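A quick write-up on the structure given underneath.
What you see is a predicted model; the values in this text were computed from it and never measured. Note on naming: letters A, B, ... go to the chains in the order of the sequence lines (proteins, then strands), and numbering restarts at 1 for each one.
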Number of protein chains: 2
Amino acid sequence: MPKRPARKSAYHHGDLRNALIQAGTRLLRHVGLDDLSLRRVAKEAKVSPAAPYRHFPDKHALLAAISERGFHSLHARLEAARAASPGDLDASGQAYLAFALAEPETYRLMFTKNVLCEGEPPESLQEAGRQAFQSLVATIAEGQASGRIARRDADQLALGAWALVHGVAMLIIDGALDREPYNQLPPGHLLSACQAIFREGWRTLP
Amino acid sequence: MPKRPARKSAYHHGDLRNALIQAGTRLLRHVGLDDLSLRRVAKEAKVSPAAPYRHFPDKHALLAAISERGFHSLHARLEAARAASPGDLDASGQAYLAFALAEPETYRLMFTKNVLCEGEPPESLQEAGRQAFQSLVATIAEGQASGRIARRDADQLALGAWALVHGVAMLIIDGALDREPYNQLPPGHLLSACQAIFREGWRTLP
DNA sequence: TGTACATCAGTGAACGCGCGTTCACTGATGTAC
DNA sequence: TGTACATCAGTGAACGCGCGTTCACTGATGTAC
């Protein structure tokens, strides 16, 4: 009874909730977060401005749903990286960055709290975020188990790795690295350089 | 002839350009970037909605000026940290974070490109950003000169240090760390933990 | 299988709002004589 | 020192716009008989 195929009467859409999330994601790609309005998403989905209210209580809820789907994509990429290179923290970081740069405005949305909700974020969104983060944690645990990663506090390692890659991603997305000497290198190399320091440390050895 | 003292006729303000930048900074603190409009800034400065156009060609220019002042403040904090602890990269990072958390919405503005301008950012804003960044670079140079920081590529060290602290700052500002176990620690400790890894490295030693 | 009907996902017009920006104006200022 | 005047930083009303949201409605759907 649910899960109607997309092709129906054109009056009843059949899968509008999903279509709105996809339309929103597409608009993020093409017009950006600042110009994303409920009305534009409705238009992109070829539906009247009031139609989204059948599926989302308000604009925040739609944005939260788009963001949630973003976290699922991110999670999928991290899991793929983990499957390909278990315990390889640098590979996970590169996969993370690849997502952020493939969908920069979705990524920005995912980390812009006030736009996603007023007050507490919906539980399902929080859960999606936790899931993606857990993938990072799992990589670290694997790395520690195999002896490649030192047995430091895993929460701290996860935070550090996350902050580093998030920082690089945001700096690139916001254009802060569009200048000498950083604009001479592809993003993956910029991250690699940061990862090398994070792996080796910057202190002088005795 | 320029630099009129603030108290004049109340019709001619005397120093409106500055007053607008301050009013904007105050509003960022109290209502946030999303609700910052030219009209609100004018109102906060007790001036008509058209008055700002005597000093800024458009809204972007006012925001860029606010942002520029933000970079000057950040630069001042970094220089103070450097004077107090030359060559201490961790101290610089803490000073950086302190600024970001003291003025979170100004900080967010400073790194939100599309809001600051369309197309190229104004030269003076870019220069202010470079200046702040150079303070970090100088700290690294000092640290290398005194032998505390390894003689790696300084550009890479600067990028890594910047990305790490920017990442931590953004994650905190956007509420991504408002959950277990990270919400149990003050921001400075979270950063310290990340800095420890960045300093020592996470690899296992032979 | 065929028909009557309740459901509810959509429509489209309308609302009030705050926005960035413009325009003709006003009146305080500092300068020239 | 005193007055006429050009300058230009402000005013306040107005513009057109797109926004989020509401409402009474319409018509396709699936179900009960």
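- Contact annotation: side chain of B:R54 to base of D:dT11, donor-acceptor pair absent below 3.5 Å.
- Contact annotation for A:S48: base contact, defined as any heavy-atom pair under 4.0 Å involving a base atom.
- The 5' end of DNA chain D is approached more closely, in terms of each residue's nearest nucleotide, by B:P49 than by the other of B:P49 and A:D35.
- Under 3.5 Å, the side chain of A:R39 and the base of D:dG20 form at least one donor-acceptor pair of N or O atoms.
- B:Y182 and B:H189 are not linked by any side-chain donor-acceptor pair at a separation below 3.5 angstrom, with hydrogens and angles left out of the test.
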Query raised in the report: How does DNA chain C look in dot-bracket form if you count Watson-Crick and G-U pairs under 3.5 Å, write [ ] for pairs that cross, and put | where a base pairs with another strand?
Result: .||||||||||||||||||||||||||||||||

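- Taking the side chain as every heavy atom from C-beta outward, B:P187 and B:L97 approach each other to under 4.5 Å.
- Distances were taken from every side-chain heavy atom of B:V47 (C-beta onward) to each of D:dT11, D:dT21, C:dT21; the shortest belongs to D:dT11.
- In this structure a side-chain-to-backbone donor-acceptor pair under 3.5 Å is present from B:Q94 to B:G188.
- Salt bridge status for B:D90 with B:R199: present, with a side-chain N to carboxylate O gap under 4.0 Å.
- Distances from the side chain of A:A51 to the nucleotides D:dG20, C:dG10, D:dA9 place C:dG10 closest.
- Looking at A:T139 and A:S92, their side chains do bring a donor and an acceptor atom within 3.5 Å of each other.
- The distance from atom CG of B:D34 to atom P of D:dC19 is 16 Å, rounded to the nearest whole Å.
- Between B:K46 and A:A50, it is B:K46 whose nearest contact on DNA chain D lies nearer the 5' terminus.
- Distance, A:D15 CG to D:dT29 C1': 16 Å, rounded to whole Å.
- Taking atom CZ of B:F56 as the reference point, atom P of C:dG20 lies 14 Å away to the nearest angstrom.
- Under the ring pair (Phe, Tyr, Trp, His ring centres under 6.0 Å) rule, B:H166 has a single partner from B:Y96, B:F133, B:Y107, B:F99, which is B:Y107.
- Across the protein-nucleic acid pair, A:L16 atom CG and C:dG10 atom C1' stand 9 Å apart, rounded to whole Å.
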